[in-house]
Number of protein chains: 2
Amino acid sequence: MPTSSVAASSAAGRPRSDLNATVFAATLRSVHELGYAGATMDRIAVAAGVAKTTLYRRWPSKGALIVDCLIDAFGRMPFDGADRGEVLSSGIHWLAAKIGEPGVGAALAGVFSDAVNDPALREILSTRLQEPYRLALQDELGEPPHRIRLLMDVVTGTLIHRMGMTGEPMADADVAALAEMVLRTFR
Amino acid sequence: MPTSSVAASSAAGRPRSDLNATVFAATLRSVHELGYAGATMDRIAVAAGVAKTTLYRRWPSKGALIVDCLIDAFGRMPFDGADRGEVLSSGIHWLAAKIGEPGVGAALAGVFSDAVNDPALREILSTRLQEPYRLALQDELGEPPHRIRLLMDVVTGTLIHRMGMTGEPMADADVAALAEMVLRTFR
DNA sequence: CCACTTACGCTACCGTCAGTAGCGTAAGTG
DNA sequence: CACTTACGCTACTGACGGTAGCGTAAGTGG
C-alpha cells in the first residue's frame, strides 16, 4: 500500500504512455487482416510487440480492449449542419465513413457479436461507447431519450448488420438511402 | 454403394422422422433457458434425449442446426392487407412477434452473431433463411432486389440489434414506430 | 550506492466448447 | 440369416480466452 496517494508523482516503472496507441494500432491492423475472431489476444500481443499478460493488465477482456480501441478510433462526433436534418445526415455519413476505415467496421461488428453472449461486455459497450453519443445527440436534437435510442438503434443496427453479413461496409448509395429514410421520420 | 438408388424404399434403420421436431423443441428450450452460448451442443443433445454425434450426423454445425430450427419456427410469412402498406406493416409485426416467442429471438440474435466470424454460416443463413422471404417480398411488393435488401436489412438489423443488446424483444410501441418509419419510405 | 516500487516479459497452465473417431448395437429388409 | 442404416457411447483434439507465478529493467527516494 502506498504511503500517500497524493504522491502520484512516484513515476517508478510507470506505464509507457505510448503503449496504448501502439496496441490500438496493432489491434485494428490484426482485425483488418485476420478478421475479428482471427485477431486473437495472442496475435494482437505479437503484432503490438507486447506480452499477452500486459494486455490483460490494462484491459479486463478482449471485448474491453476492442471497445477502448473503437472509442479511440471514433473520437468525437462532428455536428455539421444548420438544421436538424443536416446534423442528422452528416452524423450518419460520419458513422458510415468510420465503419469503412480498415479494421474499424470489423471490430465494431465483432464486438457487438460477442456482446450477445456477454452481459458484462454489453454494459461496457453501452456505457463507454454508445452513451456519449446518445447524450450528445439528445442535447443537439432535443428529442426524448426514447426517440434517440430508437434512432440510434435503427442506424447502427442496420450498418452493423450489413457489415457483419457482408464483411464490407455499406455502399454510399445505401447509406444515403438509409439517411433519407431516417430523415423522413426524425427531421 | 447401393445397387440402385431407385430402390429408395429400403427402409432399414431409416431416420426417425419425429426426431427433428424433438431436437428443434429441445434447442429452443435450451436457448431460452441458458442463452445462445449456454445452449451448447452437449446440452441440446441431453435436452433432446439424443447423442451429440446424432446432431452432427444431421447438421454439419451448431449454426446449421439453429438455422433449420429457425426455419421451422418462422414458417411462411403471412401476407395480410389490402395495399402495400398493410402488407409491409403486418409483415414487420409478424417478425417482431416471432422474435418474441421463447428462445426464437435469442437463437436468431445468436446465430447472426456467430455468422460474423463464419462465412459458411453466413451463406447458410442468407440462402436458407433469408432468401425465401426476400423472394416472396420481391414478388409481393414489386420492388427491385436492391430495395428489398435494404428494407429487410433495416428491419431485421434493428430488431436483431435490439434483441442482442437488451436480451429482450423490442417493445410493441417501438415496433410500431419502426414500421411507421419504414412505411414512409417503402409504401 | 542501495532498497523499493511498479510495469512488463515469459512460460506454463486451466476450462470450455465445437467438432471428430471408432466401436458397438438395435431394428427393419430381402 | 446376412446386410444395411441410424443411433448411442466414450474418448479425444484443437483453439482460444483468461490466469498464475516468477524474473527483470528502470526509475525513485533515502
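Order of the sequence lines sets the chain letters (A, B, ...), proteins ahead of strands, with each chain counted from 1. All of these numbers come straight from a predicted model, not from anything done at the bench.
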Novice: Which nucleotide sits closest to the side chain of B:Val50: D:dA6, D:dG8, C:dC8?
Specialist: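 The closest nucleotide is D:dG8.
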Novice: In this structure, how many angstroms lie between the P atom of C:dC10 and the CG atom of A:Leu55, rounded?
Specialist: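 Computing the A:Leu55:CG to C:dC10:P distance gives 12 Å.
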Novice: I'd like to compare against my own output: the B/S/- annotation of nucleotides 12-20 of chain D with a strict under-4.0 Å heavy-atom distance to protein.
Specialist: ----SSBBB
Novice: Could you pull out all residues at least two apart from A:Phe186 that satisfy ring-ring contact (aromatic ring centres under 6.0 Å, His included)?
Specialist: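 A:Phe186 satisfies ring-ring contact (aromatic ring centres under 6.0 Å, His included) with no residue once adjacent residues are dropped.
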Novice: In chain order, what residues pass the salt bridge (charged side-chain N to carboxylate O under 4.0 Å, His left out) check against B:Glu101, with sequence neighbours excluded?
Specialist: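 B:Glu101 satisfies salt bridge (charged side-chain N to carboxylate O under 4.0 Å, His left out) with B:Lys98 once adjacent residues are dropped.
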Novice: Going by salt bridge (charged side-chain N to carboxylate O under 4.0 Å, His left out), name the residues that satisfy it together with B:Asp18, two or more places apart in sequence or in a different chain.
Specialist: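 With sequence neighbours excluded, B:Asp18 shows a salt bridge (charged side-chain N to carboxylate O under 4.0 Å, His left out) to B:Arg16, given in chain and number order.
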Novice: Quickly work out the B:Asn117 CG to C:dA18 P distance and round it to whole Å.
Specialist: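 Taking atom P of C:dA18 as the reference, CG of B:Asn117 is at 14 Å.
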Novice: Between side-chain atoms of residues 29-42 of chain A and protein atoms elsewhere (two or more places apart, or another chain), which donor-acceptor pairs fall under 3.5 Å?
Specialist:
from, atom 1, to, atom 2, distance (Å)
A:Ser30, OG, A:Ala26, O, 2.8
A:Tyr36, OH, A:Asp114, OD2, 2.9
A:Thr40, OG1, A:Arg43, N, 3.2

Novice: Would one find a side-chain N or O of A:Arg58 under 4.0 angstrom from OP1 or OP2 of C:dC8?
Specialist: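 Answer yes for this pair, as a side-chain N or O of A:Arg58 is under 4.0 Å from OP1 or OP2.
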Novice: A:Asn20 has an atom CG; how far is it from atom C1' of C:dC8, in whole Å?
Specialist: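 Those two atoms, CG and C1', are 14 Å apart.
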Novice: What pairs with B:Glu131 under side-chain hydrogen bond (donor to acceptor under 3.5 Å, both in side chains), at least two apart in sequence or on another chain?
Specialist: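 B:Glu131 satisfies side-chain hydrogen bond (donor to acceptor under 3.5 Å, both in side chains) with B:Arg134 once adjacent residues are dropped.
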Novice: Just to verify, what does A:Glu143 make a side-chain hydrogen bond (donor to acceptor under 3.5 Å, both in side chains) with, not counting sequence neighbours?
Specialist: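 So A:Glu143 forms a side-chain hydrogen bond (donor to acceptor under 3.5 Å, both in side chains) with A:Arg84.
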Novice: For residues 144-153 of chain B, dump all side-chain donor-acceptor pairs below 3.5 Å to protein atoms at least two apart in sequence or in another chain.
Specialist:
from, atom 1, to, atom 2, distance (Å)
B:His146, NE2, A:Asp174, OD1, 3.4
B:Asp153, OD2, A:Arg162, NE, 2.3
B:Asp153, OD2, A:Arg162, NH2, 3.3

Novice: How long is the line joining CG of B:Asp114 and P of C:dA18, in whole Å?
Specialist: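 In whole Å, C:dA18 P and B:Asp114 CG are 9 Å from each other.
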Novice: Are the side chain of A:Glu86 and the backbone of A:Ala82 linked by a donor-acceptor contact shorter than 3.5 Å?
Specialist: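 Yes; at least one donor-acceptor contact below 3.5 Å.
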Novice: Taking Watson-Crick and G-U wobble pairs with both distances under 3.5 Å, convert DNA chain C into its dot-bracket string, 5' to 3', dots for unpaired and | for cross-strand pairs.
Specialist: ||||||||||||||||||||||||||||||
